[in-house]
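Heads up, the thing below is written out as structure tokens.
Atoms within a ligand are numbered from 1 in the order they appear, just like the ligands themselves.
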Amino acid sequence: MTTVARTSLDGAHVVVFGGSTGIGLATAMAVKTRGAIVTIVGRRPAKLAAAAGEIGGAQIAVADIADRKSVEAVFDAMTRVDHLVITAGGLQAGRLIDTDPDQLLVAIDERIAGPLYAIKAALPLIPRTGSIVLTGGQYSDRPSGNGTAVVAAAVRGVEALARALALELKPIRVNVIAPGLIETPLFDSFGAEGRAAIFKQASDTLPGGRAGYPEEVAEAMILLLSNGYMNAEVLHIDGGGRFIG
Ligand SMILES: NC(=O)c1ccc[n+]([C@@H]2O[C@H](COP(=O)([O-])OP(=O)(O)OC[C@H]3O[C@@H](n4cnc5c(N)ncnc54)[C@H](OP(=O)(O)O)[C@@H]3O)[C@@H](O)[C@H]2O)c1
């Protein structure tokens with residue numbers, strides 16, 4: 001009988017950039033349930049404090065993933081990081097014809113530069129059994145023409161980055177979670193009606209008739225964190241959404 005290599009999360013220290021809401025918060029809760037010690041990172045202290053309460057106990061750190069100094073400071077007092085999860089990021093949509101490129105390039109700062117800062121700073125603290133999970137997205141496979149060209153470039157870049165780093169940082173594993181449309185506060189900036197319209201369209205078009213839940217992404221995240229043979233993987237959790245026109 002073969003032995004399945006599982007990395008136990010019990011007692012592991014998991015740092016989640018973006019852990020105060022949405023996918024990051026659901027991930028923090030899921031790892032906590034499995035016995036992990038959790039640190040959540042985000043820009044807004046009040047959100048972090050509220051999330052720590054929901055999680056049932058978490059260390060919090062304030063940082064902007066795109067700001068190198070603040071990212072490095074997160075790791076100053078840490079002695080070990082078993083898993084580094086990065087879900088921090090916002091929506092930077094805008095058509096090039098009427099949007100300043102610098103505004104669009106925030107997507108690169110948050111998804112490529114930021115993770116590089118965090119990985120570089122965390123690396124001395126990550127054991128050989130540890131892992132890193134970055135966040136991609138379905139625009140990598142299915143561009144939309146709706147002003148998400150730079151996001152598409154960024155998430156495609158995240159996949160390339162993770163695969164290359166998996167070889168460079170071995171045996172530390174590096175994977176990508178690639179969510180489709182997930183019901184999180186990410187869409188709150190569209191207002192109640194705009195948000196409802198986005199999810200109505202999803203129910204009309206997605207094969208499963210609905211968008212996903214952050215808890216479903218968190219379950220996929222657990223697989224990436226705890227299966228010791230998953231490496232350089234891009235795990236889609238999108239209800240099949242990347243294949244619809
Ligand atoms: N929801 C979806 O449908 C979907 C689909 C594909 C990909 N994604 C990506 O998945 C990631 C998580 O999305 P979500 O839906 O969970 O969003 P969310 O609910 O808005 O959560 C985003 C989290 O990241 C933090 N954050 C945002 N910008 C940050 C920054 N510059 N530095 C540090 N922390 C930052 C937020 O806290 P603060 O604002 O307080 O910093 C919050 O904790 C994002 O990168 C998003 O683009 C989401």
Side-chain angles (χ1 to χ4, degrees), residues 15-30 38-52 54-55 58 60-74 84-93 103-118 133-144 146-148 150-159 176-190 195 198-199 201-202 206 210-218 220-221 234-239 241-242:
V15 177
V16 185
F17 276 75
S20 63
T21 62
I23 294 166
L25 173 57
T27 300
M29 293 173 88
V38 186
T39 299
I40 53 172
V41 188
R43 293 165 302 180
R44 290 170 293 173
K47 284 266 174 199
L48 288 165
E54 263 191 80
I55 293 164
I60 62 178
V62 178
D64 181 337
I65 189 80
D67 176 68
R68 183 172 182 173
K69 279 204 163 50
S70 72
V71 169
E72 288 171 349
V74 167
L84 174 63
V85 175
I86 302 182
T87 66
L91 272 179
Q92 297 87 18
Q103 192 181 321
L104 300 174
L105 283 167
V106 173
I108 305 286
D109 294 341
E110 289 186 343
R111 289 173 179 78
I112 304 288
L116 271 187
Y117 302 148
V133 181
L134 307 181
T135 303
Q138 67 182 18
Y139 290 133
S140 167
D141 293 302
R142 186 169 68 84
S144 72
N146 66 356
T148 51
V150 181
V151 174
V155 291
R156 191 66 161 190
V158 165
E159 295 176 7
V176 173
I177 193 92
L181 186 70
I182 309 297
E183 285 200 40
T184 71
L186 185 69
F187 303 97
D188 288 354
S189 61
F190 292 96
R195 185 184 161 93
I198 290 168
F199 289 103
Q201 201 211 357
L206 283 169
R210 66 168 176 86
Y213 305 122
E215 294 76 14
E216 292 171 318
V217 184
M221 197 77 90
V234 177
L235 184 57
H236 298 278
I237 172 112
D238 65 0
R242 70 191 181 284

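- Proximity to Thr87 (heavy-atom distance under 4.0 Å) selects the following atoms of ligand 1: 11 (C), 12 (C), 44 (C), 45 (O).
- With a 4.0 Å cut-off on non-hydrogen atoms, Phe187 touches ligand 1 through its side chain and not its backbone.
- Looking at heavy atoms from C-beta onward, Ile86 lies out of side-chain contact with Val133 at the 4.5 angstrom threshold.
- In this structure, Arg111 is part of the shell of residues with a heavy atom less than 4.0 angstrom from ligand 1.
- Comparing heavy-atom distances from atom 17 (O) of ligand 1 across Leu186, Val158, Ile198 singles out Leu186 as nearest.
- Residue-ligand proximity, Gly18 to ligand 1, at heavy-atom distances under 4.0 Å covers atoms 23 (C), 24 (O), 25 (C), 42 (C), 43 (O).
- Among all non-hydrogen protein atoms, the one lying nearest atom 21 (O) of ligand 1 is Thr21 OG1, 2.8 Å.
- Ligand 1 has no nitrogen or oxygen under 3.5 angstrom from a nitrogen or oxygen of Gly137.
- Within ligand 1, counting atoms from 1 as listed, the ones closer than 4.0 Å to a heavy atom of Gly90 are 47 (O).
- Residue Tyr139 places every heavy atom at 4.0 Å or more from ligand 1.
- Against a heavy-atom cut-off of under 4.0 Å, Ser20 is close to the following atoms of ligand 1: 37 (O), 42 (C), 43 (O).
- Each of Thr87, Leu134, Val85, Val71 was evaluated against Phe17; a single residue qualifies, Val71, per the side-chain contact (heavy atoms from CB on, under 4.5 Å) test.
- The shortest side-chain heavy-atom distance between Leu186 and Leu91 falls under the 4.5 Å cut-off.
- Ligand 1 has Pro179 within reach: a non-hydrogen atom of the residue lies less than 4.0 Å from it.
- For the pair Gly180 and ligand 1, a heavy-atom separation below 4.0 Å is found.
- A donor-acceptor contact shorter than 3.5 Å is absent between the side chain of Ser20 and the backbone of Gly42.
- Every heavy atom of Ala26 sits 4.0 Å or more from the atoms of ligand 1.
- At least one heavy atom of Glu110 sits closer than 4.0 Å to an atom of ligand 1.
- Ion pairing between a basic and an acidic side chain is recognised when a charged N comes within 4.0 Å of a carboxylate O; Glu216 and Arg210 show such pairing.
- Taking only non-hydrogen atoms, the option from Thr184, Val71, Ile237 nearest to atom 14 (P) of ligand 1 is Thr184.
- Proximity to Ala63 (heavy-atom distance under 4.0 Å) selects the following atoms of ligand 1: 32 (N), 33 (C).
- When the heavy-atom distances from atom 26 (N) of ligand 1 to Ser189, Gly42, Gly89 are ranked, the shortest goes to Gly89.
- Contact annotation: Gly136 has at least one heavy atom less than 4.0 Å from an atom of ligand 1.
- Side chain of Ser70 to main chain of Asp67: a donor-acceptor pair is present (N/O by atom type, distance under 3.5 Å, no hydrogens or angles).
- Here the heavy atom of the protein found nearest to atom 28 (N) of ligand 1 is Arg43 NH2, 3.2 Å.
- Checked by atom type and distance alone, the side chain of Arg68 never pairs as donor or acceptor with a backbone atom of Gly114 at under 3.5 Å.
- Using a 4.5 Å cut-off on side-chain heavy atoms (C-beta onward), Pro179 and Ile23 make contact.
- Of the possible donor and acceptor atoms, none in the side chain of Thr135 sits under 3.5 Å from a partner among the backbone N and O of Ile177.
- Proximity to Gly22 (heavy-atom distance under 4.0 Å) selects the following atoms of ligand 1: 16 (O), 19 (O).
- In terms of polar-atom proximity, Ile65 is counted as a contact of ligand 1, with an N or O under 3.5 Å from an N or O of the ligand.
- With hydrogens left out, the protein atom closest to atom 9 (C) of ligand 1 is Thr135 CG2, 3.9 Å, a heavy atom.
- Between the side chain of Glu159 and the main chain of Gly136, no donor-acceptor pair closer than 3.5 Å is present.
- By the criterion of a heavy-atom distance under 4.0 Å, neither the backbone nor the side chain of Lys47 is placed next to ligand 1.
- Here Ala178 has no heavy atoms under 4.0 Å from ligand 1, in either its backbone or its side chain.
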